[in-house]
**Q** 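I am attaching a structure below and will ask some questions about it afterwards.
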Amino acid sequence: MIYGEILAGGKGTRMGNLDMPKQFLTLQGKPIIIHTIEKFILNSRFDKILVATPKEWIHHTNDIISKWIGTEERIVVIQGGADRNETIMNGVRFIAETYGLCEEDVIVTHDAVRPFVTHRILQENIDAALEYGAVDTAIPAFDTIIEVGENGLITDIPIRDKMFQGQTPQSFNVKRLMEVYEGITPEQKAILTDACKMFVLRGHQVKVIRGEVFNGKITTPYDLKTAEALFEDKRVTK
Amino acid sequence: MINQVYRLVAPRRFEVAYQERSLPTDGVVVRPTHLSICAADQRYYTGTRGREVLAKKLPMALIHEGIGVVAYDRSGSLPVGTRVVMVPNLPTERDDVIAENYLRSSKFRSSGFDGFMQDYVFLPRDRVVQLPASMNAYVVAFLELISVSMHSIQRFAAKAHARRNVFGVWGDGNLGYISSLLLKRLYPASKVLLFGKTEEKLGRFSFVDEAYQVDRVPSTVSIDHAFECAGGIGSQSAINQIIDVINPEGYISILGVSEYPVEINTRMILEKGLTVVGSSRSGLKDFVTSVSFLEQHPDVVEYLQTLVGGVSEIRTMGDIPGAFELDLTSGWGKTIMEWNI
């Protein structure tokens, strides 16, 4: 089975004073999360599409899916976790309990707030997850990356050609993801904000597929304004 | 959802545009898989359409020949994954007399209306035709061009007189190849003569009864009806040669698009009582007829495979100009883009 998991567990603390989590804000008059779910729906390789959302927003999520998309049997709204990795793992646990696990099962996890994801990115994630077991999506770093110490001084400037900026989806063999997560300590879990890093720490290979510059995350009011501006070319014909 | 549309914004320059779309309650969403480059697309890409036309029509997604798979159909009448050919003509009114491709109100993809170079294409349900799963993808990628030829032959069949012993096809390019091949199969008892400029290309028309270079046509040659598939600057000499060799009351189908005003020998058209019919584009029923014809004639599909000149995989927007440049430098055939963007 091939699962999609749309990560909408965040509560948008970076979006300023807005009451609503950022994934529910509208872009072109439609909730951002709906744009993202629709892209997953159009890929027939997904057997199930999990949408992980904060507990108190589950009803709201179901309501807007019903309003904008209607009935789609592949979508299941589940409760997110305390942090990003816990949200992913809630999806994995749900799969294990509800559908059971097979060796070949893969999960494509994607930020709800990256609605510009393309068909190619999803296809390549699925293909690479089946082949490598762990996949990250990234674009080359255009800016120089600097590492800064606690004293505010540069400790390292890595070679830019080797630097990439991580995006999502991140995709995994489901069984291997469970094993890796169970194999790390609670202390490591607390500081690991990235699921692919768990694989790297445990010595597993992670395949990188090319993202798109426009597959950015809508996290701040500036991002939302920028995303809206992308639609301003009114000469687009339907 | 946010659909990515890959549009030509200026000659040789593409940009991605973003379009907000909802999953349709009526209509289908198709994921393109194979797209074919047409000469009309090249005229936009290279900028030969002229400054005024480009200013009016660009930015615009190119390509009106292509196939894909159904990604969404709420009605379920076309299951997800069904292989379809996309119909680029979009009528906005119904007319029982005038064919949809001649209605001035109809819209046409990659001609003032975004073509198929998109992440997903949204179409009314009657703008897709199901394809047999086994039919060669590179051939059906240019099914639109085949349907244009089929359309002109259907018009001929309905309008021309009944003596159909010898056909002449002018033009040794893609359309000439397709038209002479279809005529040969649709009228197996008739002779098909091919008239072209380039000796090497004429050698590819192994199935015609005779292939002539246009400057070496014996004076004894005559034909009952003609199909002009030359286009461009060659239209004028082709049409006038047809007028010279065609028998009285013959039917001349003009298919070749020309950017130039064409002078033709109207005196001889009158003296011979000829019928000259323009034929352009095609409609849904021509696609249906063409698919059915190819199903019944698998050998035609095999012949048409020899028209596949080049295949380019498109994974990024940066790959697109390469496919158009490859097409420009190809001496023969159609260039197909495997659409993996």
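Letters A, B, ... mirror the listed sequences (proteins, then strands); counts begin at 1.
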**Q** Listed by residue number, which members of residues 310-324 of chain B have a heavy atom under 4.5 Å from any heavy atom of chain A?
**A** B:R315, B:T316
**Q** For A:E73, look at atom CD and say whether over 12 heavy atoms of other residues, nucleotides or ligands are found less than 6.0 Å away.
**A** no
**Q** Show your working on side-chain contact (heavy atoms from CB on, under 4.5 Å) between A:Y99 and A:Y3 and close with a plain yes or no.
**A** CA-CA 11 Å; A:Y99 310 110; A:Y3 298 94; 3.3 Å; yes
**Q** Enumerate the side chain to side chain donor-acceptor pair (under 3.5 Å) contacts for residues 133-145 of chain B, please, sequence neighbours excluded, ordered by first and then second residue.
**A**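 Sorted pair list: B:Y138-B:E338.
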**Q** Quick one: which residues of residues 113-124 of chain A reach chain B at under 4.5 angstrom, heavy atoms only?
**A**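 Listed by number, the contacting residues are A:P115, A:F116, A:V117, A:T118, A:H119, A:R120, A:E124.
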**Q** Please state whether the side chain, the backbone, both or neither of A:I34 comes within less than 4.5 Å of a heavy atom of chain B.
**A** neither
**Q** Under the side-chain contact (heavy atoms from CB on, under 4.5 Å) criterion, do B:I2 and A:L27 qualify, and how do the steps go?
**A** CA-CA 10 Å; B:I2 297 158; A:L27 176 63; 3.6 Å; yes
**Q** Out of the candidates B:R7, B:R109, B:K107, only one should pair with B:D114 under the salt bridge (Lys or Arg N to Asp or Glu O under 4.0 Å) rule; please name it.
**A**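 The option that passes is B:R7.
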**Q** Just checking, any donor-acceptor pair under 3.5 angstrom between side chains of B:S282 and B:H151?
**A**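 Side chains of B:S282 and B:H151: no pair found under 3.5 Å.
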**Q** Mind ranking B:L23, B:V69, B:V121 by heavy-atom pairs under 4.5 Å with chain A and telling me who comes out on top?
**A** B:L23
**Q** When you look at NZ of A:K197, are more than 12 heavy atoms from neighbouring residues, nucleotides or ligands closer to it than 6.0 Å?
**A** no
**Q** Do A:Q170 and A:D194 meet the criterion of a side-chain donor-acceptor pair at a distance under 3.5 Å?
**A**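 Side-chain D/A pair, A:Q170 to A:D194: present.
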**Q** Non-hydrogen contacts under 4.5 angstrom with chain A: give the residues of residues 25-39 of chain B involved, or none if there are none.
**A** B:V29, B:R31
**Q** Does NZ or CZ of B:R21 come closer than 6.0 Å to the centre of the six-membered ring of B:Y120, within 45° of the ring's axis?
**A** no
**Q** Tell me whether B:E100 is salt-bridged to B:R281, with the criterion being a basic N under 4.0 Å from an acidic carboxylate O.
**A**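 No, B:E100 and B:R281 are not salt-bridged.
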**Q** Around A:E104, counting heavy atoms of other residues, nucleotides and ligands shown, do more than 12 lie under 6.0 Å from its CD?
**A** no
**Q** Taking side chain as C-beta onward, heavy atoms only, is B:S106 less than 4.5 Å from B:L90?
**A** no
**Q** Does a side chain donor of either A:T109 or A:E5 reach within less than 3.5 Å of an acceptor in the other side chain?
**A**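 Note: A:T109 and A:E5 side chains miss the donor-acceptor criterion.
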**Q** Could you walk me through whether A:K22 and A:T219 satisfy the side-chain contact (heavy atoms from CB on, under 4.5 Å) test, starting with their C-alpha distance in whole Å, then the side-chain angles of each, then the deciding distance to 0.1 Å, before giving a yes or no?
**A** CA-CA 7 Å; A:K22 56 194 184 254; A:T219 312; 4.2 Å; yes
